[in-house]
Amino acid sequence: MWPSSNIEEIDSLFSAALVFNELRAIASLILLLVGFFIVLMSINQPQVNGSIFSEILFLKIGSLLGVLMLLFAWNVLVAVMGLELASLSFYLLIALGRTGSPALKASFKYFVLGSVASAILLYGISFVVGSSGHFDLQRIFQQSPELMTSSRLLTLGLIFVLVGFLFKVSIFPFHFWLPDVYRGSFTPLLVLMATGLKLVIFILLFEWTRNMFSLQEFSVLLSLFQWLAVLSVLFGNIIALLQKDFKKMLLFSTVAHSGYLLMIFIVSQMGFSFGKTALLYYLMIYIATILGIFICLRPFEKKDSVTLSLSELDGLAHQKPFHAFLITLFLLSLAGIPPTGGFISKLFVFQGLLDQGLWWMLFWSILGSSIALFYYLKPIALMYMKKDLQVRENKVFVKVPLFLTVCFLLLSGFILVGGLIPSLLIFG
C-alpha cells in the first residue's frame, strides 16, 4: 500500500542496555503524549482523590518511566526492571481510586494475577539466559537459530516470555483479569493500561521476535498464535455485544483489538512487507480513538463508580448534538467505518491476511468486525433515535473543562486525517 524502508539506524546507551531506533522513538513520542492526556483527564476527575493527587501523579509518572524503560530495553534485566516498575505503580494506582472497596479488591486481585504472570515471565527469562549465557538480547537473538536445534530449554523459555506478554495485552485466554480491574480502577488508569502498555508490548513483540518465527521450531507456535488472534477477536466482540454498560463494552472490545494487532504481528513474521507500518498505524489510530471517546464520556463520570449504563446516552444528540457527533465519530473509528482512521487500520489487517494467504483468518476477522458493528452502532442509535426527550432532560450533563474539549477536538481531527489522508501518518 505504501513503501517501507528496511534501513534502520540504531543507537545505544549504557553498553547497549538501552537501544534507540526509529520505531521506538516514534512509540516513545506517542507514549509521552498518552501520558500527557492521562494527566489532563485526571484533573478534577470525580474518581480521583483530589487530596492525594500529587501521589497519584507521582505513581503515574513512575508507571510511564517503567514503560519507557521496557520500550528501550535491550538487556533482559532492564526489561524486567521496567515492567515491574510499571506493574507496581499500576497496583498502587488502582488501590488509590475513589471507588471504595472495589478498588482494594481489584488491586489485590490484579496484584496476585500479575505476580503469577510475572513469575511465568521470569521463569522463561531464566531459561533463555541459562541457555544462551547472555543478558544481551541482541546476542540471544543472534544465537537463537543455532540453539534451537540443540536446546529445547530456550524454546520453552521463549514461550513462557511470550505468554507473560500476552497476559499484559489481554489476549484470550489471558484476559480474565479485565473485569476485576475494571470494577475498581478509575477511568484515566483504565485508559493508560489499555493504550500505553498495549503500545509498548506489541512494539517489543515485533522488535524482539523479528524473523524468529521463520524457524521450523516455531511453526507450531505460530499456528497457536493464529488461533489466539482469531479467538481474541471473536470472544472480545461477542462478550462486548452482551454488555449493557458502555465502558465495560469498550473494555472488552480491547480484547478484540488486541486480536487484530496480533494478526498484524503474525503476518509480519510471515513476511508481510508493510508489517511495521500497519502495526504502528493501527496503534496510533486505536490509541487516539480510545483517548477521545473516554474524554467524551467525562460528563457522565460518577465519584464512586466507573460504570456507565447505555441508557445514560438516551437522546443525547437532542441535548448536546456536537458532543454526540464526536462520540459517534470515535465509535465509527473503532468499528472500522470510513472516513475514519479505523477503516484504514482494518484495511491493513485484511491486506496482510490476504497477502499471506490466510483466508480462514480473514473470514473470522471479517465476521468479528461484523459482530462489532452491532454494539458500536447501538449507542449511536440511542443518542439519535430515542424519542422520549423528557428522559434526557431529567439527566444532568456536566460541562467538559475547556482543556479537555481541546483534547478531544484534536483527537477527532487526528482520526479524520488518518482516514482521509492516511499518507500523513505513515512512518517507515
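FYI, side chains are in, hydrogens and waters are out, and symmetry mates aren't considered; it's all heavy atoms of this structure.
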**Prompt:** Would L283 and I203 satisfy side-chain contact (heavy atoms from CB on, under 4.5 Å), going step by step from the backbone distance to the final call?
**Reply:** CA-CA 9 Å; L283 284 167; I203 292 295; 4.1 Å; yes

**Prompt:** Could you go step by step and tell me if I293 and F246 meet the side-chain contact (heavy atoms from CB on, under 4.5 Å) rule?
**Reply:** CA-CA 11 Å; I293 194 168; F246 192 20; 4.0 Å; yes

**Request:** Go through V67 and L85 one step at a time and tell me if the side-chain contact (heavy atoms from CB on, under 4.5 Å) criterion holds.
**Result:** CA-CA 8 Å; V67 175; L85 176 58; over 6 Å; no

**Message:** Please evaluate residues F414 and I285 with respect to the criterion side-chain contact (heavy atoms from CB on, under 4.5 Å), reporting the C-alpha separation (whole Å), side-chain torsions for both, the decisive distance (0.1 Å), and the verdict.
**Reply:** CA-CA 8 Å; F414 184 83; I285 294 298; 3.9 Å; yes

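Closest approach of L197 to F90, counting heavy atoms only: CD2-CE1, 4.1 Å. Among all heavy-atom pairs drawn from A288 and I415, the shortest one is CB-CD1, 3.9 Å. Residues Y384 and P321 approach most closely at OH-O, 4.2 Å, considering heavy atoms. For A194 against T254, the heavy-atom pair with the smallest separation is CB-CG2, 4.3 Å. The two residues A229 and M361 have their closest heavy-atom pair at CB-CE, 4.3 Å. In this structure, A335 and K346 approach most closely via the heavy-atom pair O-NZ, 3.6 Å.
Residues V80 and L121 are not in side-chain contact: their nearest non-hydrogen atoms beyond the backbone lie 4.5 Å or more apart. Taking the side chain as every heavy atom from C-beta outward, M263 and V233 approach each other to under 4.5 Å. A heavy-atom distance below 4.5 Å is not found between the side chains of S345 and V349. At a threshold of 4.5 Å between non-hydrogen side-chain atoms, the residues L40 and L404 count as touching. No side-chain heavy atom of I120 sits less than 4.5 Å from a side-chain heavy atom of F167. By the 4.5 Å heavy-atom criterion applied to side chains, L199 and Y286 are not counted as neighbours. Within the 4.5 Å cutoff, no side-chain heavy atoms of L291 are placed close to those of L33. Side chains of L250 and L334 form a contact here, defined as non-hydrogen atoms less than 4.5 Å apart.
The closest donor-acceptor contact from the side chain of R24 to the backbone of A73 lies under 3.5 Å. No donor-acceptor pair under 3.5 Å is formed between the side chain of Y282 and the backbone N or O of Y260. Judged by distance alone, the side chain of Y91 and the main-chain N or O of A86 form no donor-acceptor pair under 3.5 Å. Side chain of Q243 to main chain of I239: a donor-acceptor pair is present (N/O by atom type, distance under 3.5 Å, no hydrogens or angles). Without hydrogens or angle criteria, S333 side chain to F330 main chain gives no donor-acceptor distance under 3.5 Å.
Summarising the geometry, atom CG belonging to L331 is positioned 11.0 Å from atom CG belonging to L326; distances are rounded to the nearest 0.5 Å. Between I38 atom CD1 and I295 atom CD1 the span is 7.5 Å, to the nearest 0.5 Å. Note that the OG1 atom of T277 and the CG atom of L23 stand 9.5 Å from one another [nearest 0.5 Å]. To the nearest 0.5 angstrom, I371 atom CD1 is 12.5 Å from I366 atom CD1. With rounding to the nearest 0.5 Å, the separation of CG in L362 from CD in Q351 is 11.5 Å. How far CG of L162 is from CG of L224: 10.0 Å, rounded to the nearest 0.5 Å.
In this structure F343 satisfies the ring pair (Phe, Tyr, Trp, His ring centres under 6.0 Å) test with no other residue, sequence neighbours excluded. With sequence neighbours excluded, no residue forms a side-chain hydrogen bond (donor to acceptor under 3.5 Å, both in side chains) with S28.
A cation-pi arrangement is absent between K247 and F294, since the terminal nitrogen or guanidinium carbon is not both under 6.0 Å from the aromatic centre and inside a 45° cone about the axis.
Between F202 and F206, a ring centre-to-centre spacing not shorter than 6.0 Å is recorded.
Residues S258 and S232 bring no donor and acceptor atom of their side chains to less than 3.5 Å of each other.
The environment of W360 atom CH2 is dense: over 12 non-hydrogen atoms of other residues, nucleotides or ligands sit within 6.0 angstrom. Heavy atoms from other residues, nucleotides or ligands lying under 6.0 Å from OH of Y123 number 12 at most. Other residues, nucleotides and ligands contribute at most 12 non-hydrogen atoms within 6.0 Å of the CZ atom of F111.
The aromatic rings of F225 and F265 sit tilted relative to each other, their planes meeting at an angle between 30° and 60°.
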Kindly list each side-chain donor-acceptor pair under 3.5 angstrom involving residues 372-381, sequence neighbours excluded, with atom names and distances?
residue: Y375; atom: OH; partner: N237; partner atom: OD1; Å: 2.5
residue: Y376; atom: OH; partner: S253; partner atom: OG; Å: 3.4
residue: Y376; atom: OH; partner: H257; partner atom: NE2; Å: 3.2

